[in-house]
Amino acid sequence: MIDADTWDVGGVRVRLFGIDAPERDQTCRRADSSDWPCGQWTTDETARLYHGRTADCHAVTVDRYQRVVARCQVNGADAGREMVQQGLAFAYRKYSMDYDLDEKRAVVSGVGIHGAETMRPAEFRTAQRKVVKVPAQSSQHSCSIKGNISSKGERIYHVPRQDHYSKTRISPHKGERWFCSEAEARAAGWRRAKR
């Protein structure tokens, strides 16, 4: 299993049709503002449910990465539907509406990833691609969000007009950095400062 929605089935790399699960390195934010490695959690939960079991997959298409996009059943049940129902993945409405109602029910129930503030995986991937390496000396002039690492090792970002923004200093040699958007900061695993 590569991640929650990409499996190796009988020596074939398969992308599950109609769903999109958080990326393995993606984080989500709980109601108490703590970060949660939801991407790793969805991968682990999916492995717990399906690893070592026989999957009966039927190809729908081939994606740009040459993966077979398929509907897979495990023990006669649609794995994609089960994953969406359990909050392990989103319905990927760009390609299919098959799991739309399943996701809506999961959101109402607050199960899995729907119990936290979660960026849709496609948005996360887009934000990751937009991360631009800016030299430390010029980053202050082009990006205004400060990515600070607390004394406890927490990655916290500050936006202009927050209480501690003006006092926050960025030390790139400590792993601190500047971000151009909040989405970019969240995608990199940082959480917003509370004040």
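- For the atom pair OG1 of T168 and CD1 of I156, the computed distance is 9.0 Å after rounding to the nearest 0.5 Å.
- R177 and E184 are joined by a salt bridge, as a carboxylate oxygen and a charged side-chain nitrogen come within less than 4.0 angstrom of each other.
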Requested in this report: Report the C-alpha separation of C28 and E117 in whole Å, then their side-chain angles, then the decisive distance to 0.1 Å, and conclude whether the side-chain contact (heavy atoms from CB on, under 4.5 Å) test is met.
Outcome: CA-CA 6 Å; C28 301; E117 182 182 325; over 6 Å; no

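- Side-chain contact between V159 and S144: absent, with no pair of heavy atoms (C-beta onward) separated by less than 4.5 Å.
- In terms of hydrophobic clustering, with Ile, Leu, Val, Met, Phe, Trp and Tyr side chains grouped at heavy-atom distances under 4.5 Å, V74 and V12 are assigned to a common cluster.
- No hydrogens or angles considered: a donor-acceptor pair under 3.5 Å links the side chains of E82 and Y50.
- The pair D8-R13 meets the salt-bridge criterion, since a charged nitrogen lies less than 4.0 angstrom from a carboxylate oxygen.
- Note: C72 SG to L16 CG = 5.0 Å, rounded to the nearest 0.5 Å.
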Requested in this report: Test side-chain contact (heavy atoms from CB on, under 4.5 Å) on T27 and M119 and set out the steps.
Outcome: CA-CA 8 Å; T27 58; M119 181 184 287; over 6 Å; no

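- A heavy-atom distance below 4.5 Å is found between the side chains of R67 and T6.
- Once rounded to the nearest 0.5 Å, the distance linking CZ of F124 with OG1 of T118 reads 11.5 Å.
- Taking both residues in full, the closest heavy atoms of I149 and K174 are given as CD1-O, 3.4 Å, listed atom of the first, atom of the second, then distance.
- Of all heavy-atom pairs between S96 and G18, the closest is CB-CA, 4.1 Å.
- Contact between V9 and A55 at its shortest, heavy atoms only, is CG1-O, 4.0 Å.
- Note that the CG atom of D102 and the CE atom of M83 stand 12.5 Å from one another [nearest 0.5 Å].
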Query raised in the report: Between W190 and D35, is a side-chain contact (heavy atoms from CB on, under 4.5 Å) present by the stated rule, with each step listed?
Result: CA-CA 8 Å; W190 302 62; D35 288 335; over 6 Å; no

Query raised in the report: Hey, mind stepping through T46 and M1 against side-chain contact (heavy atoms from CB on, under 4.5 Å) and telling me if it holds?
Result: CA-CA 9 Å; T46 303; M1 183 169 298; 3.7 Å; yes

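- Nearest heavy atom pair, residue A188 against residue F179, reads CB-CE2, 3.8 Å.
- Of the possible donor and acceptor atoms, none in the side chain of S109 sits under 3.5 Å from a partner among the backbone N and O of V111.
- Aromatic rings from H114 and F90 are positioned such that their centres are separated by under 6.0 Å.
- The side-chain heavy atoms of R29 and R186, taken from C-beta on, include a pair separated by under 4.5 Å.
- At a threshold of 4.0 Å, the pair R120-D20 does not count as salt-bridged, since none of the basic side-chain nitrogens sits closer than that to a carboxylate oxygen.
- Looking at E23 and D3, their side chains come closer than 4.5 Å, going by heavy atoms from C-beta outward.
- A donor-acceptor contact closer than 3.5 angstrom is absent between the side chains of Q73 and D78.
- Counting heavy atoms from C-beta on, the side chains of Y95 and V60 never come closer than 4.5 Å.
- Remark: D98 engages R71 in a salt bridge, criterion side-chain N to carboxylate O under 4.0 Å.
- Counting heavy atoms from C-beta on, the side chains of N75 and R53 come closer than 4.5 Å.
- At a threshold of 4.5 Å between non-hydrogen side-chain atoms, the residues R192 and Q162 count as touching.
- A cation-pi arrangement, defined by a distance under 6.0 Å to the six-membered ring centre and an angle within 45 degrees of its axis, is present between K146 and Y165.
- Residues Y92 and A122 come closest through the heavy atom pair OH-CB, 4.0 Å.
- What you find for T43 and A4 is that their closest heavy atoms are OG1-N, 3.6 Å.
- Contact of the E182 side chain with the Y157 side chain is registered, since non-hydrogen atoms from C-beta on lie closer than 4.5 Å.
- Between R15 and D63 there is no salt bridge, since no side-chain nitrogen of the basic residue lies less than 4.0 Å from a carboxylate oxygen of the acidic one.
- Test R93, R105, R81 against D100 for salt bridge (charged side-chain N to carboxylate O under 4.0 Å, His left out) and you get one pass: R93.
- Salt bridge status for R48 with D44: absent, with no side-chain N to carboxylate O gap under 4.0 Å.
- In the hydrophobic cluster analysis, where Ile, Leu, Val, Met, Phe, Trp and Tyr join through side-chain heavy atoms closer than 4.5 angstrom, W7 is grouped apart from F17.
- How far SG of C38 is from CZ of R24: 13.0 Å, rounded to the nearest 0.5 Å.
- E176 contributes atom CD, which lies 4.5 Å from atom CG of N148 (distance to the nearest 0.5 angstrom).
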